[in-house]
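In this chain, numbering begins with 1 at the start of the sequence shown.
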Amino acid sequence: MTRRGFAALFGVVAIRLFWLQIVDGSDLASAAEANRTNVATLHAKRGTIYDRNGNVLAMSIDCSTIYCNPQNVHDPSGLATILADILGGDYNDYLTDVTADTTFVYIKHQVDADVVKKLKGKLSERDIEGIYYLDDTKRVYPYNGTGGQILGAVGTDGQGLTGLELQYEDVLTGVDGEMIMETGLGGTPIAGGTYEVHEAVDGADIILGIDVNIQEKAEAALSDAVKTYKAASGSVLVMNPKTGEIHCACSTPFADVSDLSTVDSAGLTLKLVSMSYEPGSVFKILTTSTGIQAGLFTSDSTYAIPETIQVGDDTVRDDDSRDYTMDMTIREMLRRSSNVAMAYLVQNVIGAKTFSEGVDAFGIGHKTGVDYPGEATGIVKSYEDYDGATAGSMAFGQAVAVPMIQIARAFSAVANGGTLVTPHFLTTKGGEEVEWSTGGSPISAGTAAQVTDMMRTVMQAGTGQNGQVAGYDIAGKTGTGEQASSEGGYAEYNYTASLCGFANASDPDVLVYVGLNGVAHLAKDSAAPLFATIMSETVTDLNIPPATSTITEGA
């Protein structure tokens with residue numbers, strides 16, 4: 001080679017060395033490091049969820065994720081047979097995995113410790129290598145499906161997918177760690193090789209207001225009622241009207257989150273929060289509260305109520321088919337649950353604007369702030385959008401659609417001396433109590449007392465009689481809301497039957513709301529008996545004593 005040719009070659013080599021060392025140096029070093037290290041995730045343990053009595057509703061337990069290095073497998077057929085026998089699954093799928101052209105393949109995530117022990121023993125007996133284990137955690141639910149919609153689901157990656165597992169993801173989830181292991185040419189960890197560990201940080205625990213005993217009994221009673229009354233679905237809510245703390249919440253179908261293979265999207269939907277219905281006559285409590293608060297009448301005010309009334313293009317009549325004008329007090333209107341009377345009050349006494357303002361003050365058409373994902377706002381017309389039928393129809397709970405949680409919150413204001421509370425599940429997180437705000441006072445304590453007393457009459461001598469619990473002073477109101485048809489108008493014999501009430505009425509510690517959707521029965525014959533069952537179980541479980549007196553003035 002000539003001197004000139006040698007110089008040219010030397011120049012090319014020098015440039016190449018410069019490029020490799022200076023320009024690509026850091027990238028090549030990183031690639032080399034990656035080739036001789038494996039990074040394994042150290043999963044943080046998710047926080048535990050407790051009920052109000054310290055019962056564990058959801059917790060994470062230690063388990064293992066199993067993986068394979070096919071380069072170290074010398075008996076793939078034997079290994080695949082053992083894996084299929086102990087882990088379940090298809091032999092051919094395992095055979096494909098353990099013969100793959102790679103040094104790392106996952107076999108199965110979140111395997112229980114007893115299964116891992118059995119697998120290790122079998123592999124040791126046959127002297128089969130190539131299977132390795134990573135520490136992992138998985139979510140378990142000691143009460144199986146109880147409260148599944150509330151708790152929600154967790155994915156195999158440990159992330160909350162629905163319910164409170166999703167709502168409080170930032171509290172429950174921890175910070176995963178990692179272990180960086182030195183490996184040989186085949187990708188196998190080197191015994192005694194260097195490694196680096198970044199420890200995982202576990203998530204925080206939370207305590208809910210849920211009482212698992214009430215939850216279990218309510219779910220059983222609701223399931224029976226849905227079958228008995230051939231309902232499309234049903235919902236139950238139990239809460240403290242003074243604080244908003246929820247003790248029970250459920251909708252059918254239920255969800256067993258301990259086995260997600262059995263759950264569909266409907267089972268993970270808490271309908272009383274996320275779906276809107278025309279509430280029917282429970283809304284009459286808001287109508288009468290608004291009129292009393294405005295100083296327009298009292299519980300003893302009397303009006304001549306005609307047999308029918310025109311509301312827009314519709315003629316409204318009462319369920320009892322009354323065919324004569326009747327003098328009614330406001331108390332009697334509620335006792336009889338007269339649609340005609342409520343429409344009369346709004347159209348002739350309260351007025352559309354005052355009524356609209358009163359409904360808005362109760363939070364109807366606004367989210368309650370409940371700590372559950374997917375809360376619906378509802379469909380509620382503003383005063384500016386009222387037509388000739390809106391106010392008269394809304395007076396008795398039609399032409400408005402809201403989730404049941406809004407009605408429960410409005411009733412809590414009546415029970416709570418006029419103050420709205422925020423319905424909530426969470427009471428404590430990370431060992432610290434959580435404070436929840438109130439939402440103003442749509443009515444005064446005096447108005448609340450008058451309305452409560454009339455609600456006693458409804459339960460003792462009106463449409464709520466089948467919801468009574470012996471010895472307890474219950475204030476409540478039934479509702480039988482017609483539901484809109486997809487073909488326009490209202491569907492025949494397709495009601496949402498409900499009853500919302502609280503006990504003991506003079507100083508209530510519990511509010512129960514039950515609803516049955518798609519039934520052909522009036523609330524007094526369907527929702528009321530279900531209410532009685534759940535209220536009876538609740539006052540017993542919460543150790544609420546019977547009332548010293550249940551006498552209602554003017555009943």
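For Asp313, the salt bridge (charged side-chain N to carboxylate O under 4.0 Å, His left out) test picks out no residue, with sequence neighbours left out. Under the salt bridge (charged side-chain N to carboxylate O under 4.0 Å, His left out) criterion, Glu219 pairs with no residue at all, not counting sequence neighbours. Under the side chain to side chain donor-acceptor pair (under 3.5 Å) criterion, Arg317 pairs with no residue at all, not counting sequence neighbours. Residues meeting the side chain to side chain contact (heavy atoms under 4.5 Å, CB included) test with Asp507, sequence neighbours left out: Lys242. Residues satisfying the salt bridge (charged side-chain N to carboxylate O under 4.0 Å, His left out) test with Lys217, not counting sequence neighbours, are Glu537. Shown here are the side chain to side chain donor-acceptor pair (under 3.5 Å) partners of Lys429, two or more places apart in sequence or in another chain: there are none. Under the side chain to side chain donor-acceptor pair (under 3.5 Å) criterion, Asp371 pairs with Tyr168, not counting sequence neighbours. In terms of the side chain to side chain contact (heavy atoms under 4.5 Å, CB included) criterion, residue partners of Ala401 (sequence neighbours excluded) are, by chain and number, Ser276, Glu278, Ile379. For the salt bridge (charged side-chain N to carboxylate O under 4.0 Å, His left out) test, residues two or more places apart in sequence or in another chain that qualify with Lys381 are Asp387.
Note on residues 219-244: pairs passing ring-ring contact (aromatic ring centres under 6.0 Å, His included), not counting sequence neighbours, are Tyr229-His521. Screening residues 411-469 for ring-ring contact (aromatic ring centres under 6.0 Å, His included) gives His424-Trp436 as the qualifying pairs, with residues at least two apart or on separate chains.
Residues Ser301 and Tyr303 share a closest heavy-atom pair of CB-CE1, 4.0 Å. Here the shortest heavy-atom pairing between Ile292 and Ser299 reads CD1-N, 4.4 Å. Scanning both residues, Met59 and Pro142, for their nearest heavy atoms gives SD-CG, 4.4 Å. Between Val519 and Ala231, the shortest heavy-atom contact is CG1-CB, 3.3 Å. Residues Leu286 and Ala410 approach most closely at CD1-CB, 4.0 Å, considering heavy atoms. Ala221 and Thr533 get closest at one heavy-atom pair: CB-CG2, 4.0 Å.
Looking at heavy atoms from C-beta onward, Pro279 lies in side-chain contact with Val400 at the 4.5 angstrom threshold. Between Glu375 and Ile405 there is a side-chain heavy-atom pair separated by less than 4.5 Å. With contacts defined as side-chain heavy-atom distances shorter than 4.5 Å, the pair Gln450/Asp453 does not qualify. No side-chain heavy atom of Val340 sits under 4.5 Å from any side-chain heavy atom of Glu307. Contact check for Val154 versus Leu161: no side-chain heavy atoms found under the 4.5 Å cut-off.
Of the N and O atoms on the side chains of Thr428 and Glu433, not one donor lies less than 3.5 Å from an acceptor on the other residue. Thr302 and Asp327 share no donor-acceptor pair across their side chains, judged by distance under 3.5 Å alone. Between the side chains of Ser289 and Thr447, no donor-acceptor pair of N or O atoms lies under 3.5 Å. No side-chain donor-acceptor contact under 3.5 Å links Gln215 and Thr146. Using a 3.5 Å distance cut-off with no hydrogens or angles, the side chains of Thr419 and Ser441 do pair a donor with an acceptor. Using modelled atom types, one finds no donor on one side chain facing an acceptor on the other under 3.5 Å when comparing Ser281 with Lys477. For the residue pair Asn240 and Asp509, no side-chain donor N or O sits within less than 3.5 Å of a side-chain acceptor on the partner.
The structure places CG of Leu237 at 12.0 Å from OG of Ser498, a figure rounded to the nearest 0.5 Å. Separating the CG atom in Leu272 from the CD1 atom in Ile246 is a distance of 7.5 Å, to the nearest 0.5 Å.
Proximity of a side-chain donor or acceptor of Gln347 to a complementary backbone N or O of Tyr344 within less than 3.5 Å is not detected. Using modelled atom types, no side-chain atom of Asp205 and backbone atom of Gly47 make a donor-acceptor pair closer than 3.5 Å. The main-chain N or O of Gly418 is never found under 3.5 Å from a side-chain atom of Asn416 such that the two would form a donor-acceptor pair. Judged purely by atom type and a 3.5 angstrom limit, Thr287 uses its side chain to pair as donor or acceptor with the backbone of Ala395. With Ser251 contributing its side chain and Leu270 its backbone, the two residues share no donor-acceptor pair below 3.5 Å. Although no hydrogens or angles enter the test, the distance criterion places a donor-acceptor pair under 3.5 Å between the side chain of Arg46 and the main chain of Gly158.
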In sequence, state the C-alpha distance, the side-chain angles, and the governing distance for Val380 and Val402, and then conclude on side chain to side chain contact (heavy atoms under 4.5 Å, CB included).
CA-CA 8 Å; Val380 184; Val402 293; 3.6 Å; yes
Could you check Ser338 against Asp318 for side-chain hydrogen bond (donor to acceptor under 3.5 Å, both in side chains), going step by step and ending with a plain yes or no?
CA-CA 6 Å; Ser338 170; Asp318 289 338; 2.8 Å; yes
Evaluate the criterion salt bridge (charged side-chain N to carboxylate O under 4.0 Å, His left out) for residue pair Lys227 and Asp224; output intermediate values, then yes/no.
CA-CA 5 Å; Lys227 293 175 185 175; Asp224 289 343; 5.1 Å; no
Scan the side chains in residues 351-364 for donor-acceptor partners under 3.5 Å anywhere in the protein, sequence neighbours excluded, and list what turns up.
from   : atom 1 : to     : atom 2 : distance (Å)
Lys353 : NZ     : Glu357 : OE2    : 2.6
Asp360 : OD1    : His366 : NE2    : 2.6

